[in-house]
Every structure is written in structure tokens, then in C-alpha cells.
Protein chains: 2
Amino acid sequence: MFAKLCRPVPSLNFRTVKCFCKPRQLNKYYNIIARANCSASSSFLCDKNVIFVAGLGDIGLDTSKELLKRDLKNLVILDRIDKPELVCELKELNPKTKVTFMPYDVTVPIAESKKLLKKIFDKLKCVDILINGAGILDDHKIEATIAVNYTGLVNTTTAIMDFWDIRRGGPGGILCNIGSVTGFNAITQVPVYSGSKAAVVNFTRSLAKLAHITGVTAYTVNPGITRTSLVAKFNSWLDVEPDVAELLLEHPTQSTKECAASFVKAIEKNKNGGLWFLDQGTLENIKWRKYWDPCI
Amino acid sequence: MFAKLCRPVPSLNFRTVKCFCKPRQLNKYYNIIARANCSASSSFLCDKNVIFVAGLGDIGLDTSKELLKRDLKNLVILDRIDKPELVCELKELNPKTKVTFMPYDVTVPIAESKKLLKKIFDKLKCVDILINGAGILDDHKIEATIAVNYTGLVNTTTAIMDFWDIRRGGPGGILCNIGSVTGFNAITQVPVYSGSKAAVVNFTRSLAKLAHITGVTAYTVNPGITRTSLVAKFNSWLDVEPDVAELLLEHPTQSTKECAASFVKAIEKNKNGGLWFLDQGTLENIKWRKYWDPCI
């Protein structure tokens, strides 16, 4: 069985499992592979428990609606501000899925995140997927941009490892982080935002490579320019380009619905290390260039 | 003269100067070109005023020593902890350069950074180069890593724009940010640190492209694995690899002296948008891959 487990699995990069996995972890590892292999199935999301941070946002809301078409078991939406009418709308979309809202600000100390997650795990017993989608776009607000877009995402991710990490007896899990194409190549007029998204892309790529140790697979979905309220008007750094939003929207974009459709397709592909580029209604897995190799 | 100014300058990407520069800014722009054109000269650093954040660090100290061989006018070292014996040593190295130390923690509010910079500008009248080198490597400390490595660097950069930005009547300036090769491709065992460095790389690339607006050119120096006290022992994220430091040091590395020599060579090249890779005593300007283009 060990040899079977250590065969290369196309959708996962578990080449070092032989060296790192202790015997008791192999069952967990087997489960992860089994889960990853569901990816081809259209029913991949069926009966899953999903936490969606910022699931009421512009891209978030349409993605939540798209997710609800897949007969999830639970969709737990964590967002900074409750919007009861939207939550009601979501609850009515699919009676097979229980939709819950809980208030959550990703900038709280990590201990608070762990408390909230404990409540959710106590209730649901297991969580299959965490979608980290909190983000702001306002380069007048340096601290807030970095605190929400990067620190908040890292803290929420780190917090859930208490429950997922196979080294702690957890079952593993799937992490879907919302990056941005600006993490690949910046919108130079918003360097603080773009930098924070580059951090998310780089961070998540590492987590994917650590999946053989933690049992947690990871990928990013990186929307291109999407017609959201976020993008309709935003501040550039030091006002280097006051019309940045207007200029950006002169070029081809995508609707939030198109983005949401690609988003859920990416989740269904469930590719550890996926670097999904969601642009103008298309979905592409980007191959990151290797500039150097730490060899470890 | 306008036509002459708007000719392409090889070491700068000022292609849009014609569209953005108001007439009163053209003299400033001319100064920037003149400064950039010094880059071929070995005396580029001679008589310059340089602020070096973290100039007493492991790479910082050897780089400060290397800088002092170039007959700067002033070297103002800002660091969190005063190390009087090291400052004395630096002061004695070259009587032509006035070395000053001032305490500075990059995590202070931006208003504090501006106050400190005002003191320096009041004293020196002009500052030619700011080197942003504060960094920590400890993935147990998520908030501190991001606050120092990314937010602190952005805040210090933003603060100096009050004095440099040509739109505010400033003379322009040169920004040298210390990134890391982990900003290109992570050391996966320290994803928080690596992500913060990806942010620095992405942020600085944007600033370089904004130089035609702000008058401030920018580049990163990105050391490969360098034998510093930082690297001798550090914590991996959630202890995914307790021996990460030892493993890393089993592969080819460079000394801080080798790194410092390349560092100052990069400064002398003064290439706006430079993405300098400093590894095993060599210096290379990396070409970043274009994954998409915002077209603005």
C-alpha cells in the first residue's frame, strides 16, 4: 500500500511524501489523494462543508450563488458586515444547503479567528474547504490594505491549521485563496494593493508545496479586471492616477457572474498548487516561472 | 529642449513623460535623467547623501562598509537598535563621509517616519538615495514579519515622497529596496516571509513604472541565501521544517561581504526598475515574466 500511495499523483505535488510521512499519517494522506481525485467529478462539491470568508462581497456573492447550485451541505459565510437580505436570498436558493452567516473581521487577533473556527467545527464536525476572499482596494489605506489582504488571510489560514493539520490529528483540508492578477503583474497605480496580492500568490504556492506535511492542499483564484463596486472607483497610491478606475474599465473586463462561474470551476478542479487566472470569462492555470531554486 | 528630454533614456522607462510632465516639472525630470546617466561612472556614489534603513544589520553592515569606500558625503543609518561600537567603526573608515546614526523602527506610524525624515532633510538639505533594508525572518511571528518587511517598507517609502515627489516641488530621488529571491520563488517552509518579500518585489516594480510621475526611480536588490545570523537559525511556519536553516545552508551560499559587494555594484548601476539577483557573489538583472497586462 505504501508503494501505491507514493506513486506520483498527477494533480498533486507530493513527491517527498516518502521522506516526510510517518506511518500514522498515511491514512490521512490517502484521504487527501481520494479527495483530490474527486476533482474530475461534477459532483465534487456535493455535500461539502464550505467556509467562505467575504462570501457576501461583489465576487463573493455571485460565487456563493454559483456554489449553491452544487448542493453543498453547509455554506458558512463569514463577512465583516451582515447583510440579512442577501443572506435570506442565498438561503432560499437551494433547500439542500444550509446557509449560515457569522460576522468576522479578518484583522482580529489570530486567537479570535481560532475561537470562531472552533464554534464552526464544533457545529459541523468537519470543514472541507476554506475560501479566503477578504480584500480591499484603496491605496490611500496602506495599513488596512496589507492587514486585510495579506495578514488577515495568513492569520485565518494559520488558525484553521489547528483543526486541519494532519500532524495534530486533523483530517487535512482544502484552501482556496483569492489572489489577483495584480499579484502576477501589478496595476502600477495601486502598488500597495498589488504587492499585497503578490504576497497572497507567493504564500499560497508555498502552502501547496507543504501539503505532504500538513495535509492541506491549496490554490489561488486570481480574477482579472472584474466589474465590481471595488473597481468602479478606487484610490491610487498618492493619487498618481486619479482616473485609474476609469482607465482600467476602458479595456476588456468580465462581469462578476462570469468570474463566479470560473471561480467555482476552479474549485471543482481542486488542483493543489493551481494558480488560476480568471479573465474575461475564461479560466487558465498559470505556470509560474522558476527564477531560482532553494533546493530544499 | 523638450524633444531632447523626451528621447528614450536607456536606463529609465520614461516613455510617457511627454504626456504627464507639466512644463515646471521638466527641469526636475532633466535632473533625474542626469542623475541616472551617472550610473556608468564609478564615482556615481561620490558626494551623495544616502539614508540606509537597517544599515547595521548583517548584510547592512557590510554594505555600509562597502558604501563608505565610495566617498559618500553623508551616510545616515537608521536602525532599531543603536550599536555604538559598530557606528564608531564605520565613522573611522572614511573621513570624507559623515556617518550618522538615528534610531528608527519601521513599524511606527507614518507620521513618525515623516518627522524623522524632516529632521534629516532639514539637516542635509537633500537626500539622493534611500535604502530600505529592514527585515525579519521568523515565520512564528506573522504580524511582525509583515509589518516590518512590507508595511514598514511601504510606509517609509510613502513618507519620503513628501520630500522627493516632483509633483510637490521635490527633486526626485532614488529608492533601493531590499527584496529577496524568496520574492521570486519562495522558500516554502517560510511562506509568510517569502510572501512579504514577493510584496516588496511587486511594489517596487510598480514604483519604477511611476517614476515619470513622481520623479522617484526604484529598484530591488534580492539576495540569494547569504550566511547571516538571520539565516543561521530561524523558525518555519507552524514548524513544518524545524531544520530549515541547516538544510538551506547545505547548498551553495554567499558571504555577507560578497553580497555587499554586489549590492553596491547594483546601486552604482542605478537602473530604474532593476530586479537585481545577488547570488553566490554574482549580480544579475532578472527579467520578470509578463503574465498579463492591465494596459494602462
Side-chain angles (χ1 to χ4, degrees), chain A residues 109-110 142-143 146-147 150-151 154-155 158 161 165 167 181-192 194-210 213-214 224-225 237-241 244 247-248 250-252 277 279 286 288-296, chain B residues 109-110 142-143 146-147 150-151 154-155 158 161 165 167 181-192 194-210 213-214 224-225 237-241 244 247-248 250-252 277 279 286 288-296:
Chain A
I110 193 166
I142 295 169
E143 269 87 358
I146 301 170
Y150 188 42
T151 317
V154 172
N155 273 341
T158 307
M161 299 303 284
D165 194 328
R167 297 172 302 162
V181 285
T182 64
F184 306 160
N185 300 94
I187 298 173
T188 57
Q189 295 82 352
V190 282
V192 186
S194 301
S196 73
K197 289 297 187 175
V200 170
V201 168
N202 181 298
F203 174 74
T204 310
R205 292 189 72 234
S206 289
L207 264 50
K209 289 179 184 161
L210 295 171
I213 298 172
T214 63
I225 308 305
W237 183 64
L238 294 174
D239 293 322
V240 286
E241 178 46 77
V244 58
L247 291 172
L248 213 52
E250 282 173 8
H251 298 276
F277 178 29
D279 198 31
I286 295 288
W288 194 256
R289 184 172 160 195
K290 191 191 274 191
Y291 298 90
W292 81 297
D293 189 340
C295 305
I296 65 168
Chain B
I110 193 166
I142 294 169
E143 269 86 359
I146 301 169
Y150 188 43
T151 317
V154 172
N155 273 340
T158 307
M161 299 303 284
D165 195 327
R167 296 172 302 162
V181 285
T182 62
F184 306 159
N185 301 94
I187 297 173
T188 57
Q189 295 81 354
V190 281
V192 186
S194 300
S196 72
K197 290 297 187 176
V200 170
V201 168
N202 181 297
F203 174 75
T204 310
R205 291 190 72 234
S206 289
L207 264 50
K209 289 179 185 163
L210 295 171
I213 298 172
T214 63
I225 308 304
W237 182 64
L238 294 175
D239 293 321
V240 286
E241 178 47 77
V244 58
L247 290 172
L248 212 53
E250 282 173 9
H251 298 276
F277 178 30
D279 198 32
I286 294 289
W288 194 257
R289 184 172 161 195
K290 189 191 274 190
Y291 298 90
W292 81 297
D293 188 340
C295 305
I296 66 168

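Per chain, numbering begins at 1; letters A, B, ... match sequence-line order. Values below: every heavy atom of this structure, side chains too, minus hydrogens, waters and symmetry copies.
Legend: residues meeting side chain to side chain donor-acceptor pair (under 3.5 Å) with B:Thr182, ordered by chain and number and at least two apart, are B:Ser180. Residues meeting the side chain to side chain contact (heavy atoms under 4.5 Å, CB included) test with A:Leu238, sequence neighbours left out: B:Thr158, B:Met161, B:Arg167.
Classification of the B:Trp288-A:Tyr291 ring pair by plane angle, with boundaries at 30° and 60°, yields parallel.
For the set A:Asn155, A:Ile110, A:Asp293, A:Leu247, the count of heavy-atom pairs under 4.5 angstrom toward chain B peaks at A:Asn155. Most heavy-atom pairs under 4.5 Å with chain A, from the set B:Ile187, B:Val181, B:Ile142: that is B:Val181.
Interface remark: B:Val244 contributes backbone and side-chain atoms alike to the contact with chain A (heavy atom separation under 4.5 Å). Heavy atoms of B:Ile286 lying under 4.5 Å from chain A belong exclusively to its side chain. Heavy atoms of A:Ile146 lying under 4.5 Å from chain B belong exclusively to its side chain.
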Verdict with reasoning, B:Asn185 to A:Arg205, per side-chain contact (heavy atoms from CB on, under 4.5 Å): CA-CA 9 Å; B:Asn185 301 94; A:Arg205 292 189 72 234; 4.1 Å; yes
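The minimum heavy-atom distance linking A:Ile225 with A:Leu248 is given by the pair CD1-CD2, 3.8 Å.
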